[in-house]
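Working notes, structure below.
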Amino acid sequence: MARTTKRETDPGTGVETSATRPSEAAESADPAADTRWLSRDELAAWLANSAIMISLPAALDARMQREAALTFFEYMVLSVLSEQPERTLRMSDLATRTSASLSRLSHVVGRLERRQLVERSRVPGSGRRTVATLTQTGYQLVVAAAPGHVAAVREYLIDEIEPHDLSALRRIGTAVNAAINRETRSPQQG
């Protein structure tokens, strides 16, 4: 699809902005003609964030596997459990705290069970409630892996940004996570 850059002046600030969007010819035949295309600044921010979303988890994962024989997600599961009373949490709550689907979490916890790092058990009563409990072996592994994880987080992210940017990073992460959670909780429209 052909694209053009359109220059507009913001009536509120008088600042000239530009936005890359489909050409007029393509726009007339395009059902997405009403799309709010990203401005140059929005696109630059999005691309920088996209690089983080792709490269940071991959870097953390590779380092965690190399140093502790865990994936980054496995480490997060063990870490969350290690901070809970009795090192136990309902699977649905663990999924929420690790930003995972129950299906993905169940698969990963199954792997961790086979390594005797986590145990699953049913909660008595109605429903299909299951809890995951961190074993002593799992606890020892996550305690041993934590310094390397923290070093990687510092090296790749925290030490690379200005201290005053931490609150912005937290605010942005919270807002994006809330938007994603709203989307995943909304009823499916068919």
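Values below: every heavy atom of this structure, side chains too, minus hydrogens, waters and symmetry copies. Since the model is a prediction, treat every value here as computed from it, not as a measurement.
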Could you state the interatomic distance from CD (Gln140) to CG (Leu134), rounded to the nearest 0.5 Å?
-> 10.0 Å
Report, as yes or no, whether the 6.0 Å neighbourhood of atom CZ on Arg66 holds more than 12 heavy atoms from other residues, nucleotides or ligands.
-> yes
Nearest heavy-atom approach of Val118 to Ala132 is CG1-CB, 3.9 Å
Among the clusters formed by ILVMFWY side chains lying less than 4.5 Å apart, do Val153 and Leu141 turn up in the same one?
-> yes
Contacts of Arg111 meeting salt bridge (charged side-chain N to carboxylate O under 4.0 Å, His left out) (sequence neighbours excluded), chain-then-number -> Glu74
Non-hydrogen atoms of Trp37 and Glu42 that approach each other most closely = O-OE1, 4.0 Å
Arg87/Glu119 under side-chain contact (heavy atoms from CB on, under 4.5 Å): CA gap, chis, key distance, verdict | CA-CA 11 Å; Arg87 300 179 190 150; Glu119 294 173 347; over 6 Å; no
Say whether, by atom type as modelled, one donor and one acceptor occur between the side chain of Ser79 and the main chain of Met76 under 3.5 angstrom.
-> no
Can you measure from CD (Glu160) to CD (Glu155) and round to the nearest 0.5 angstrom?
-> 8.0 Å
Any chance you could measure Leu81, atom CG, to Thr98, atom OG1, to the nearest 0.5 Å?
-> 9.0 Å
For the side chain of Thr135 and the backbone of Leu117, is there at least one donor-acceptor N/O pair under 3.5 Å apart?
-> yes
pair Leu105-Arg97: side-chain heavy atoms closer than 4.5 Å = no
Step by step, would you call Gln65 with Thr71 a side-chain contact (heavy atoms from CB on, under 4.5 Å)?
-> CA-CA 5 Å; Gln65 287 186 47; Thr71 67; 3.8 Å; yes
side-chain contact (heavy atoms from CB on, under 4.5 Å) evaluation trace for Asp165 with Leu169 = CA-CA 6 Å; Asp165 289 333; Leu169 184 62; 5.8 Å; no
Write down the atom of Phe73, the atom of Ala100, and the distance for their closest heavy-atom approach.
-> CZ-CB, 3.4 Å
Say whether Val150 and Met64 are linked into one hydrophobic cluster, either directly or through other cluster members, by side-chain heavy-atom distances under 4.5 angstrom.
-> no
side-chain contact (heavy atoms from CB on, under 4.5 Å) assessment of Gln84 paired with Leu94 = CA-CA 10 Å; Gln84 303 308 308; Leu94 184 56; over 6 Å; no
Can you measure from CG (Asn177) to CZ (Arg182) and round to the nearest 0.5 angstrom?
-> 10.0 Å
Partner residues of Ile172 under the side-chain contact (heavy atoms from CB on, under 4.5 Å) criterion, sequence neighbours left out = Val176
Which pair of heavy atoms, one from Ala152 and one from Leu60, lies closest together, and at what distance?
-> CB-CD2, 3.7 Å
Over 12 foreign heavy atoms within 6.0 Å of CZ, Arg115 | yes
Considering all heavy atoms of both residues, which atom of Phe72 and which atom of His149 are nearest to each other, and what is their separation?
-> CE1-CE1, 3.5 Å
Heavy atoms of Met91 and Ser106 approach each other most closely as CE-CA, 3.9 Å
Crowded around Glu86 CD? As in, over 12 foreign heavy atoms under 6.0 Å?
-> no
Examine Leu70 and Tyr156 and state if one hydrophobic cluster contains both, with Ile, Leu, Val, Met, Phe, Trp and Tyr joined whenever side-chain heavy atoms are less than 4.5 Å apart.
-> yes
Is it the case that one hydrophobic cluster holds both Val108 and Tyr75, taking links as side-chain heavy atoms less than 4.5 Å apart, direct or via other members?
-> yes
Transitively linked via ILVMFWY side-chain contacts under 4.5 Å: Leu157 with Leu166?
-> yes
